[in-house]
Amino acid sequence: MPDPETRSDPTIRVRIAPSPTGPLHIGTARTALFNYLYAHHVGGTFVFRLEDTDVARSTTEFERDILEGLHWLGIEWDEGPEVAGEGDIGAYAPYRQMQRLPGYAAAAERLLEADLAYPCFCTPEQLEADRRAQEAAKLPPRYVGRCADLTAAERAAKLAEGLRPATRFRVRPGVVGWNDLIRDRIEIDTANLGGDFVIVRADGTPLYHFTVVVDDAAMEISHVIRGEDHVSNTPKHILLFEALGHPVPEFGHLPLILNPDGTKMSKRKSQTAVDDYRAQGFIREGLLNYLAYLGWHPGTEDDILAIEEIVARFDIDKVQKGGARFDRDRLEWLNGQWIRRLEPDDLVDRLRPFLERAAEAGQIDRLPSDDEVRALLPIVQERLPTLAAIVDLVGFLWVEDLDVDPGVLIPKRWDAATTRDGLAAAREVLVAHDGVTWEADELEPPLRALVEARGWKAGDLFMAIRVATTGRTATPPLFDTMVALGRDRTLARLDAAIGLLAAA
RNA sequence: GCCCCCAUCGUCUAGAGGCCUAGGACGCCACCCUUUCAAGGUGGAGAUCAGGGGUUCGAAUCCCCUUGGGGGCACCA
């Protein structure tokens, strides 16, 4: 089997074309990923294009969020834009639609001249009234064709009145079909397309269905791999490719990512922004692995695959047809798997921003050094489902005044007096250790001996010490934790707990 | 309302007519390990393959119908 990375097929070009009208959406990232996987598997080119013609809703900020999010995930493109202001990369530049306006204007002009499109003077009010009437009559909404057959004189008269027309594309009768890469043959009668559709607004700015086709044609896109929500739009696009005299690309429609209730994933019901996942401590390896398995499967029983392995095994024929619900539990599990696989120095680097943020938020009083964090790794790495979990897990190491709940301090089988007695006895044993012998395997034997001598259960004493020194009932191994805490603070916290029990 | 798509454990999925007494993973439960929590190990519950008709010697797999779910029908993308 040839190595996919060394194969190269210049005729295969795919693209991701998000619009900067919101932060990078998990669904966009998934579509980008599948395009990336397809391109890399077959040695094609992956193009990134920004569809920013909705000027009212597009912002530079969203643009930056999308670009940075994709970079963070490692879904790199071969051709496309860089962050606002920087130059585009690739032979088909520019890759922002607002910089490609002349191309759409020229294409629209060609369609107009060939009478494949026509000027439409209908007002928003008229169209709205049409829609309402159709709805009342329980008819599907469609353009009534009021301006389809205007004579040259009628058009001239409207223009003379100062009316600015939109441009409508003539939908020809017949059936349009294509062999979908994922769902085989699909055929749709153009009578169900809703009539002639607008390709250029009255203000002269082009609309999505038009720009996407003009650009896919201009950029020689060979395979359009996108979400299932575009299936119904595909006939419009095919019609446009034909009208423009350009060969029709292949289409593949990916299953949608669904909310837990099975509806199309939305901000309302799910967390959709990639940056939010990142902020919660999901790492790219986990997210990528999870996203790739949403609607695709290698066919083997491997659950944990790095991106290179996924590229090597990717096969668009094996992409699922039905939508996939987003399962956060599974994402967290996979994320934990990947955190466990990280090299120590790498993990320390990735943990740092989360610790800094906790310090800024006042969750911890002191920012630990990298060495300090690195020393902790053996006891925390396998306990982190996310990077952010580090604060909950061992944040007690970096706070000045520990908040201890007296109720939690007393083990289930013990009472307050026994607990006070136990902690005091433990303190006495621990005082015998200096800074040199303050090691996990030095601290454990004498405490076990104490338990033995007093007829206690190890678990009870250890739990009391655990809560006294960390404020929590669930922590990394106790003796390692006390070493991380240090002799002085361990003893001080034991004192404080004893005091707390005496007061109560 | 119209058009289109989809349908295997709660969830993600394996399955390309006999390998299926339907496999794996997440989650759940139990046990082991164990000072707690994780991790790891072992085992378990969990799917009459949406239902009904065909085709076939044989159907989760092919065909049809029904049902259910989803998506789309803008001078949004």
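Bear in mind the structure is a predicted one, so any value in this text is a computation, not a measurement. Convention: sequence-line order gives letters A, B, ...; per-chain numbering from 1.
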Open item on the list: I need the CG-C1' distance between A/Leu447 and B/U36, as an integer number of Å.
Closed with: 15 Å

TODO: Verify whether the ring centers belonging to A/Trp296 and A/Phe314 lie closer than 6.0 Å.
DONE: yes

- [ ] When you get a sec, tell me which of B/C4, B/A39, B/A77 is the closest nucleotide to the side chain of A/Val231?
- [x] B/C4

TODO: Have a look at A/Ala458 and say if it touches a base, only the backbone sugar-phosphate, or nothing, with a 4.0 Å heavy-atom cut-off.
DONE: nothing

Open item on the list: Let's see if you can work this out: which of B/C76, B/C75, B/A74 has an atom nearest to the side-chain heavy atoms of A/Asp54?
Closed with: B/C76

Task: Closest to the A/Lys264 side chain, choosing from B/C76, B/G70, B/A77 - done: B/G70

TODO: Classify the nucleic acid contact of A/His253 as base, sugar-phosphate or nothing, counting any heavy atom under 4.0 Å across all strands shown.
DONE: nothing

TODO: Taking atom C1' in both B/U21 and B/U35, compute the distance separating them and give it to the nearest angstrom.
DONE: 44 Å

TODO: Kindly indicate whether the side chain of A/Arg383 and the base of B/C37 share any N or O donor-acceptor pair separated by less than 3.5 Å?
DONE: yes

TODO: Taking only the side-chain heavy atoms of A/Arg325 (C-beta and beyond), determine which of B/U11, B/G71, B/U35 contains the nearest atom.
DONE: B/U11

Task: G-U wobble or Watson-Crick pairing nucleotide for B/U61 (cut-off 3.5 Å, both distances) - done: none

Task: Whole-Å distance separating the CG atom of A/Asp229 from the C1' atom of B/A74 - done: 15 Å

Task: Base B/G71 paired with A/Ser232 side chain (donor-acceptor, <3.5 Å) - done: yes

Open item on the list: When you compare the side chains of A/Asp303 and A/Tyr293, does any donor N or O come within less than 3.5 Å of an acceptor on the partner?
Closed with: no

TODO: For the side chain of A/Leu294, starting at C-beta, report the closest nucleotide among B/C12, B/G70, B/G1.
DONE: B/C12

Open item on the list: With rounding to the closest Å, how many angstrom separate the P atoms on B/A47 and B/U11?
Closed with: 12 Å

Task: Within 45° cone of A/Phe197 ring axis and under 6.0 Å: A/Lys236 NZ or CZ - done: yes

Open item on the list: Counting the atoms with a prime plus P, OP1 and OP2 as sugar-phosphate, which does A/Pro255 contact under 4.0 Å by heavy atoms, base, sugar-phosphate, or nothing?
Closed with: nothing

Task: Pair partner, B/C26 [Watson-Crick or wobble, under 3.5 Å] - done: B/G10

TODO: Counting heavy atoms from C-beta on, name the nucleotide in B/C4, B/G23, B/A39 closest to the side chain of A/Ile188.
DONE: B/C4

- [ ] In whole angstrom, give me the gap between the P atoms of B/G43 and B/C49.
- [x] 26 Å

Open item on the list: Could you tell me how far apart A/Lys321 (NZ) and B/G71 (C1') are, to the nearest whole angstrom?
Closed with: 16 Å

- [ ] Answer with base, sugar-phosphate or nothing: what part of the nucleic acid does A/Thr300 contact at a heavy-atom distance below 4.0 Å?
- [x] nothing

TODO: Round to the nearest Å and state the distance from A/Asn259 atom CG to B/G71 atom P.
DONE: 9 Å

- [ ] Please evaluate the base of B/U35 for a donor-acceptor partner in the side chain of A/Arg466 within a cut-off of under 3.5 Å?
- [x] yes

Open item on the list: Would you say the rings of A/Tyr143 and A/Phe169 are close, in the sense that their centroids are separated by under 6.0 Å?
Closed with: no

TODO: Whole angstrom is fine here: how far is it from CZ in A/Phe462 over to P in B/U36?
DONE: 10 Å

TODO: Taking the six-membered ring for Trp and the single ring otherwise, decide whether the centroids of A/His237 and A/Tyr208 are under 6.0 Å apart.
DONE: yes

TODO: Name the nucleic acid region contacted by A/Gln320, choosing base, sugar-phosphate or nothing; use a 4.0 angstrom heavy-atom cut-off, strictly under.
DONE: sugar-phosphate

- [ ] In whole angstrom, give me the gap between the C1' atoms of B/A77 and B/G69.
- [x] 25 Å

Open item on the list: Taking the C1' atom in each of B/C57 and B/G71, what is the distance between them to the nearest angstrom?
Closed with: 42 Å

Open item on the list: Tell me the interatomic distance from A/Arg328, atom CZ, to B/C26, atom P, rounded to whole angstroms.
Closed with: 18 Å

Open item on the list: Which nucleotide wins on minimum distance to the side chain of A/Trp333, given the candidates B/U35, B/G70, B/G27?
Closed with: B/G27

Open item on the list: Measuring from the side chain of A/Asp329 (C-beta onward, heavy atoms only), which nucleotide among B/C75, B/U35, B/C26 has the closest atom?
Closed with: B/C26

Task: P atoms of B/C65 and B/C5, separation to the nearest Å - done: 12 Å

Task: Nucleotide paired to B/G1 in any strand shown, Watson-Crick or G-U, under 3.5 Å - done: B/C73

Open item on the list: Taking the P atom in each of B/C12 and B/G17, what is the distance between them to the nearest angstrom?
Closed with: 25 Å

Task: Aromatic A/Phe354 / basic A/Arg350 pairing, under 6.0 angstrom, 45° off normal - done: no

Task: Closest heavy-atom pair and its distance - A/Leu258, A/Gly323 - done: CD2-C, 3.6 Å

Task: Contact nearer the 5' end of RNA chain B, comparing A/Pro124 with A/Asn192 - done: A/Asn192

TODO: Could you tell me the separation between the CH2 atom of A/Trp296 and the P atom of B/A25, rounded to a whole number of Å?
DONE: 18 Å

Task: Nearest-angstrom distance from the residue atom OH of A/Tyr104 to P of B/A77 - done: 11 Å

Open item on the list: Base of B/A25, side chain of A/Arg330 - is there a donor-acceptor contact under 3.5 Å?
Closed with: yes

TODO: Would you indicate which nucleotide in B/U35, B/G15, B/A74 comes nearest to any side-chain atom of A/Arg131?
DONE: B/A74

Task: Stepwise side-chain hydrogen bond (donor to acceptor under 3.5 Å, both in side chains) check, A/Arg226 with A/Thr234 - done: CA-CA 10 Å; A/Arg226 66 210 328 187; A/Thr234 302; 3.1 Å; yes

- [ ] Identify which nucleotide among B/C75, B/U11, B/A77 has an atom closest to any side-chain atom of A/Asp327, counting heavy atoms from C-beta outward.
- [x] B/U11

Open item on the list: Rounding to an integer number of angstrom, what distance separates B/G18 and B/C2 when you compare their P atoms?
Closed with: 40 Å

